[in-house]
Amino acid sequence: MSSIAIPLRSLLQNPSTIKSKHHAKQLHAQVLKTEGSSSSLMATILSIYSHLGFLHESLIIFNTFTSLPTIIAWKSIIRCYTYHGLFKDSLTCFSNMRASGKHPDHNVFPSVLKSCTGLMDFKLGESVHGCIIRLGVDADLYTGNALMNMYCKFQSMDEGFDSQRFGSGNVDLVYEKIPERKFERSLDSEMDVEKGPHPRSLKVLGKNENQLLVIGGVTPRRRKDMVYIESVKKVFDMMPCKDIVSWNTVIAGYVHNGMCEEALRTVREIGKANVMPDSFTLSSVLPIFAEYVDISRGKEIHGYTLRHGFDSDDFIASSLIDMYAKCTRVDDSLRIFHLLPQLDVISWNSIIAGCVQNGLFDEGLKLFRQMLTAKVKPSNLTFSSIMPACAHLTTLHLGKQLHGYITQNGFDKNVFIASALVDMYAKCGNIRIARSIFDKMVSPDMVSWTAMIMGYALHGHANEALLLFHKMKMENVRPNYVAFVAALTACSHGGLLDEARMLFNCMIEDYGISPGLEHYAAVADLLGRAGKLEEAYEFISKMHIRPTGSVWATLLSSCRVHKNIELAEKVGEKVFQIDPENIGAYILMSNIYSSAGRWKEAAKMRVAMKGRGMTKKPACTWIEVKNKIHAFVAGDRSHPYYDRINEALKVMMEQMERKGYVLNTDDVLHDVEVEQKRSLLCSHSERLAIAFGIISTPSGTTIRVTKNLRISPFQGWEVFLWRLLVKVVQVPAYYSKPRNTNTHTNKGVHTGKESQCKSLSPTDAALFLLNQMQLGAYS
DNA sequence: TTAGGGTTAG
């Protein structure tokens, strides 16, 4: 109650000393009691409420003015509307203020410009700029900064259009710059539209050639060839005095438009202008070094932040986390993350994305779970970052639960998330759901198409993949490097040599994309598999980039299939030369010798492998049963159900042989007797996993097995399983590490009641679901 | 009045 002691007049003259709502209300009451309710007094009270951000109280005063509101009252209410994101109301007020004959002064424009920015109203923003120039307030620092910020946002909005396709809006108008003399009318008529029967809704859907497409109403299209970054520069250069905000704004503008060199040049000028860079400057500059993968300059900035006490700034921290992660130094990202005193959704997103992008899928999932435990509500970016982890780990149950959460919270409209879902379902072996999500997308972008095409490719549906690829081009979505990888992969899996050759040439000639290792590897693989071994050899030899060991190893495997030992030895030499640690090549050479009966040379290869300390990565197959991962390696007897699996295998094998199935022992390349080969085949990891799936699920259930190595198609085995009415889906788990064989032991089973879900908040529900995911099984 | 994070890659 100390405020009572301070004279009322003094308080009213220094409204900034009022810090709380309670305090403001007290003053309001006191004024009404002792001083009356004159317009100017009430305007002062209004400005106090407005500065504290109390819209309701501000409006009560504003709406009780009997005479015309003073300029202070107008400015306060405009400011308060903008502060609350009520941009339309703010601009309506501005228009009404103009109509009432009041002249806006310099400190109303920052709010008005912010409202134009919030609505992405290009036309109105430029009109307001005209007004600012006409009133001669363009030299004002805050107004100049707000102008630059507005043009920066307009520019980035523009940039966004180029990479996406959009549906058509219902109205679009050609916009031409309004001559200044027409300014007043145009601004006011704009407001009439606002209030009229066709409310102005500025939901911008996108750009089409040279049109801006919007939904809901009259909206200008940007002037052709308008580059807003030029306006930013112009305003910046014209500003008579600049502060660090001005510098930061123009730098951020450059960074967002990919003008990294311009941004860095401007940063260097800051020093000359006698201004000190602050945390805003630093967090704008860091993404440049992430983009350039320039760890040394990034580290310099990191050092600067530490020396200047910015180390607990979460904006800088998330930029640093991202920068280190993009430079593949995710350990440094984690270190910074764990030192942060407080974590917001973006810090979490940055570290989760950093882990997933660097292949630390388990770590990413662990952090995601921790994020929910910390009661931080995930955003759409969280999901598009975490989903690839499910995709790469091929954990369908986890992906499905995330999908449920995503749908519940309406995140599934986001093109990033939808693409990630398509990819996840495809990688986890559920191509149908992947397709249905893809089909529901309103405007799939190139990444969405590519994910779907790659999904078909991985599932061996080559024709479907190529059909989509052509459809994508028909829809004017331009394929990039990765899209061609997907299409060529489809050809490679489908044995479509001619199509692959066509695509390969089309990529170079029509799209100007220079082929990378993946493209070369796909074509080389196809040539090899078609038996054109010499041509494949020529093709690889003539690559314009240096072939890696694995490209040659592709040909080596073709040599094995076509039993060409001479060429195999030549190719083997190449691999050993380029990549002496390539285990695959030793195994292939050993197998090539084995199948030719040259056991001694095969043994030599194995000895060479051992001599180099290399061991073959065991083939591992895993299967999800009741949300638990069960992993098997050949001959593994540690599973609790091992005896029952073995029993089931025996019964099935008998049934199969009775139906005429002949076990193919040719593929077993060990120097052992037939009976032993038979036993080796039966203890094969895939068969163990499938047998386990059959005995632990009801008849007719889809059995989805995942392998760490490339999958060879089922033969008689598959036919038999189909007869059992069990559908078997095979999923190759590229890039994922083989599971520890102990994962089937019973760890951390959740016994919570499902009904709890209903009364929980979305975050709690997700947390509850995740608790059931038994992430312990992977870590 | 200024700042940070995301999807596809045999």
Side-chain angles (χ1 to χ4, degrees), chain A residues 82 107 109-111 113-114 117 140-150 152-153 243-253 255-256 278-287 290 313-323 325-326 344-354 356-357 379-388 391 414-424 426-427 444-455 457-458 479-486 488-493 516-522 524-526 550-551 554 710 732 734-735:
Chain A
T82 305
N107 49 25
F109 284 110
S111 295
L113 290 168
K114 192 176 183 176
T117 311
D140 176 59
L141 175 66
Y142 280 58
T143 305
N145 288 345
L147 269 172
M148 286 196 294
N149 180 48
M150 179 182 78
C152 282
K153 297 285 153 61
D243 66 354
I244 187 64
V245 175
S246 327
W247 289 95
N248 289 342
T249 308
V250 75
I251 290 166
V255 174
H256 280 291
D278 65 359
S279 63
F280 285 76
T281 327
L282 300 172
S283 66
S284 296
V285 170
L286 279 167
D313 183 291
D314 46 351
F315 275 83
I316 293 184
S318 57
S319 296
L320 279 171
I321 289 169
D322 184 54
M323 188 272 296
K326 296 236 164 76
D344 68 1
V345 61
I346 296 177
S347 332
W348 283 105
N349 286 351
S350 308
I351 193 66
I352 290 170
V356 175
Q357 285 160 2
S379 69
N380 50 10
L381 270 91
T382 322
F383 291 109
S384 45
S385 305
I386 199 68
M387 198 54 74
N414 180 296
V415 68
F416 285 80
I417 293 182
S419 304
L421 278 170
V422 167
D423 178 55
M424 185 277 294
K427 287 225 175 72
D445 66 4
M446 191 261 299
V447 174
S448 329
W449 286 92
T450 305
M452 194 64 240
I453 293 165
M454 186 56 95
L458 295 180
N480 73 345
Y481 185 100
V482 187
F484 276 101
V485 171
L488 285 169
T489 303
C491 296
S492 156
H493 285 210
L517 278 174
E518 299 97 325
H519 307 112
Y520 280 120
D525 180 46
L526 272 165
S550 57
V551 174
T554 311
R710 187 179 177 132
Y734 298 120
Y735 306 115

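Convention: sequence-line order gives letters A, B, ...; per-chain numbering from 1. The figures that follow rest on heavy atoms only: side chains count, while hydrogens, waters and symmetry mates do not.
- Across B:dG4, B:dT8, B:dT7, the shortest atom-to-atom separation from the side chain of A:A451 is found for B:dT8.
- For A:S492 (side chain) and A:L488 (main-chain N/O), no donor-acceptor pair under 3.5 Å exists by modelled atom type.
- For the pair A:S347 and A:D314, the tightest heavy-atom approach, listed with the atom from each and the gap, is OG-CB, 4.4 Å.
- Distances from the side chain of A:V245 to the nucleotides B:dG6, B:dT2, B:dA9 place B:dT2 closest.
- Distance from the side chain of A:D322 is smallest to B:dG6 among B:dG6, B:dT1, B:dT8.
- Side chains of A:S246 and A:D243: a donor-acceptor N/O pair is present below 3.5 angstrom, by distance only.
- Remark: A:K326 is in phosphate contact with B:dG6, judged by side-chain N or O atoms under 4.0 Å from OP1 or OP2.
- The nearest whole Å value for the distance from the CZ atom in A:F315 to the C1' atom in B:dA3 is 6 Å.
- Among the atoms of the strands shown, only primed sugar atoms or phosphate atoms (P, OP1, OP2) are found under 4.0 Å from some heavy atom of A:S350.
- As rounded to whole Å, 20 Å separates atom P of B:dT8 from atom CZ of A:F484.
- Between the C1' atom of B:dA9 and the CE atom of A:M454 lies a distance of 6 Å, rounded to the nearest Å.
- In terms of heavy-atom proximity, A:T143 sits nearest to A:L113 at O-CD1, 3.8 Å.
- Closest approach to the A:V482 side chain among B:dT7, B:dG6, B:dA9 is made by B:dA9 (side chain taken as heavy atoms from C-beta onward).
- Residue-level contact check: A:S246 touches neither bases nor backbone, having no heavy atom under 4.0 Å from any strand.
- As rounded to whole Å, 10 Å separates atom P of B:dT1 from atom CG of A:N149.
- Per the geometry, CD1 belonging to A:I321 stands 15 Å off P belonging to B:dG4, to the nearest Å.
- As rounded to whole Å, 17 Å separates atom P of B:dG6 from atom CE of A:M446.
- In this model, a side-chain donor or acceptor of A:S318 finds a partner on the base of B:dG4 within 3.5 Å.
- Atom CD1 of A:I453 is separated from atom P of B:dT8 by 15 Å (rounded to the nearest Å).
- No N or O donor and acceptor, one from the side chain of A:S284 and one from the base of B:dA3, sit under 3.5 Å apart.
- Counting non-hydrogen atoms under 4.0 angstrom, A:T281 reaches nothing in the nucleic acid.
- Side-chain N/O atoms of A:S384 and base N/O atoms of B:dG6 include a donor-acceptor pair closer than 3.5 Å.
- Of the listed nucleotides (B:dG6, B:dT2, B:dT7), B:dT2 has the atom at the smallest distance from the side chain of A:T249.
- Contact annotation: A:H256 side-chain N/O to B:dG4 OP1/OP2 distance is under 4.0 Å.
- Side-chain contact check for A:V356 versus A:S385: every heavy-atom pair is 4.5 Å or farther apart.
- Without hydrogens or angle criteria, A:D278 side chain to A:T281 main chain gives a donor-acceptor distance under 3.5 Å.
- In this structure, A:F280 forms an aromatic stack with the base of B:dT2, since both conditions hold: centre separation below 5.5 Å and plane angle below 30°.
- Residue A:V485 has its side chain nearest to B:dA9 when only B:dT7, B:dG4, B:dA9 are considered.
- Judged purely by atom type and a 3.5 angstrom limit, A:H519 uses its side chain to pair as donor or acceptor with the backbone of A:Y481.
- Taking the side chain of A:Q357 as heavy atoms from C-beta on, and the options B:dT1, B:dA3, B:dG6, the nearest nucleotide is B:dG6.
- Within the 4.0 angstrom heavy-atom criterion, no nucleotide atom of any strand lies near A:A146.
- Among the nucleotides B:dT1, B:dA9, B:dG4, the one closest to the side chain of A:Y481 is B:dA9.
- Taking only side-chain atoms of A:D313, from C-beta outward, the nucleotide of B:dG6, B:dA3, B:dT1 with the closest atom is B:dA3.
- Side-chain proximity of A:N414 to the nucleotides B:dG6, B:dT8, B:dA3 is greatest for B:dG6.
- Proximity of A:K153 to the phosphate of B:dT1: no side-chain N or O atom is located under 4.0 Å from OP1 or OP2.
- Note: CD (A:E518) to C1' (B:dA9) measures 6 Å, nearest angstrom.
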